[in-house]
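Only one structure is covered here, and it is reproduced in the block below.
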Protein chains: 2
Amino acid sequence: MFDPVCPSDLTPIRFGDKWAGMLLRCLEHGPRRFSELRVPLRGISAKALTKSLRSLERDGLVTRRAHAEPTRRVEYELTALGRSLLQPIAAACAWAREHWDELLDAREASSLPTRPVQPVRG
Amino acid sequence: MFDPVCPSDLTPIRFGDKWAGMLLRCLEHGPRRFSELRVPLRGISAKALTKSLRSLERDGLVTRRAHAEPTRRVEYELTALGRSLLQPIAAACAWAREHWDELLDAREASSLPTRPVQPVRG
DNA sequence: GCGGATGGTTACCGATCGGATACCAGTTAC
DNA sequence: GTAACTGGTATCCGATCGGTAACCATCCGC
């Protein structure tokens, strides 16, 4: 999931910040804990995850619930509004899959400056 | 068109850079000249417009045609790929219109830090 | 020959983005 | 007691974003 050559790096469609789109998709099937989210989002730092989640929370797309348990536990869940964004996200993914090759070709054929592919973090 | 309180400032959905989404919509009904594009995109600087257009060109979404005429004339036009993006853009706009109030409410109700509304340029 | 339009480019600047690193308080397992 | 896991926060850094201002060559109308 979300490998380093993920189409979402190439498509011109973005949802919120760098991670928000993937984050919302990770929450698609129910609430997830902070550290659970870090698994599929390979390499995301705690800081980036916190920031992205706070932003989504502020916009009413996810809720944060800190459980009163001996050992710390916080769960994030999509709101109705957040769930409603899954459709446009799916549409964007469909578009990207469909036009992936054209995008690659266009970049390759272009003489215009392209940013070098970012190095893959281990 | 694209007034300062445009929903596209608030929605978490973005196409390319700050102007790309609006730019593509401006090209929806046929080729446009550089200076024609600056009209609906109130206040865009030449630099920003050039950069955004170059980026769209590089990605194969628009074409640039410099006419061999006595007085300089350059036209930008959507490619088939660019036109295909109009659908997701329309979907994003529909989503934004539909959930505009919820987004505003969420921000208002939130105690989380929101960036102050940027000053409206004359 | 002077001003304005056209389609840009360049330099500069502050703000933001996003990664790396270090740290922290509470709990739990060894 | 000490290490690891939990869910973070604080600090630093370089890169990018996006705006302003200045400049530029060519052509046109007056």
Side-chain angles (χ1 to χ4, degrees), chain A residues 2 4 6 8-9 12 14-23 31-39 41-58 62-77 112-122, chain B residues 2 4 6 8-9 12 14-23 31-39 41-58 62-77 112-122:
Chain A
F2 305 135
C6 181
S8 60
D9 264 12
R14 284 238 336 227
F15 296 83
D17 64 20
K18 177 176 178 180
W19 301 97
M22 298 179 249
L23 219 33
R32 293 285 182 271
R33 303 179 56 169
F34 188 85
S35 45
E36 282 176 321
L37 290 171
R38 300 192 65 176
V39 178
L41 275 50
R42 302 196 6 88
I44 191 176
S45 67
K47 175 191 164 191
L49 183 51
T50 306
K51 217 188 73 177
S52 198
L53 284 169
R54 290 280 184 284
S55 172
L56 293 173
E57 200 189 343
R58 184 199 59 190
V62 310
T63 55
R64 191 189 110 110
R65 246 182 325 174
H67 297 265
E69 285 175 15
T71 162
R72 210 165 175 188
R73 186 173 149 210
V74 180
E75 279 191 325
Y76 294 91
E77 191 175 7
L112 270 37
T114 310
R115 208 168 307 112
V117 177
Q118 60 238 41
V120 178
R121 277 172 284 95
Chain B
F2 304 136
C6 180
S8 59
D9 264 12
R14 286 240 332 231
F15 296 84
D17 63 20
K18 177 177 177 181
W19 301 97
M22 298 179 250
L23 219 33
R32 292 284 182 270
R33 303 178 56 168
F34 188 85
S35 46
E36 282 177 321
L37 289 171
R38 299 191 66 175
V39 177
L41 275 51
R42 301 197 6 90
I44 191 176
S45 67
K47 175 190 164 192
L49 183 50
T50 306
K51 218 188 74 178
S52 198
L53 284 169
R54 290 280 184 283
S55 172
L56 293 173
E57 201 191 341
R58 183 199 58 193
V62 311
T63 55
R64 191 190 110 109
R65 246 182 326 173
H67 297 264
E69 284 176 17
T71 164
R72 210 165 175 187
R73 185 171 147 212
V74 180
E75 280 191 325
Y76 294 92
E77 189 174 9
L112 271 36
T114 309
R115 207 168 309 113
V117 177
Q118 59 240 41
V120 178
R121 278 172 283 97

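Quick caveat: nothing in here was measured; it's all calculated off a predicted structure.
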Whichever of E75(B) and K51(A) has its nearest DNA chain C nucleotide further upstream toward 5': E75(B)

Given that T71(A) and K47(A) both sit by DNA chain D, which one's nearest nucleotide is further toward the 5' end? T71(A)

Is the closest side-chain heavy-atom distance between L53(B) and R64(B) below 4.5 Å? no

Expected output: side-chain R32(A) to main-chain Y76(A) donor-acceptor under 3.5 Å: no

Report yes if at least one side-chain N or O of K18(A) is closer than 4.0 Å to OP1 or OP2 of dG19(C); otherwise report no. yes

Considering just the side-chain nitrogens and oxygens of R54(A), establish if one lies under 4.0 Å of OP1 or OP2 belonging to dG8(D). yes

Under 4.0 angstrom between S45(A) side-chain N/O and dA20(C) OP1 or OP2: no

Given R54(B) and K51(B), is the side-chain contact (heavy atoms from CB on, under 4.5 Å) satisfied, shown in steps? CA-CA 5 Å; R54(B) 290 280 184 283; K51(B) 218 188 74 178; 5.8 Å; no

Picking from dT6(D), dT28(C), dC28(D), the nucleotide nearest the side-chain atoms of P70(A) would be dT28(C)

dT6(C), dT9(C), dG8(D): which one has an atom nearest the side-chain heavy atoms of R64(A)? dG8(D)

Quick one: is R73(B) getting a side-chain N or O under 4.0 Å of the dT26(D) phosphate, OP1 or OP2? no

Below the 4.0 Å mark, does dC5(D) have OP1 or OP2 next to a side-chain nitrogen or oxygen of R38(A)? no

Does F15(A) reach the side chain of L23(A), with side-chain heavy atoms less than 4.5 Å apart? no

With a 3.5 Å cut-off and just heavy-atom distances, do the side chain of R72(B) and the base of dG7(C) make a donor-acceptor pair? yes

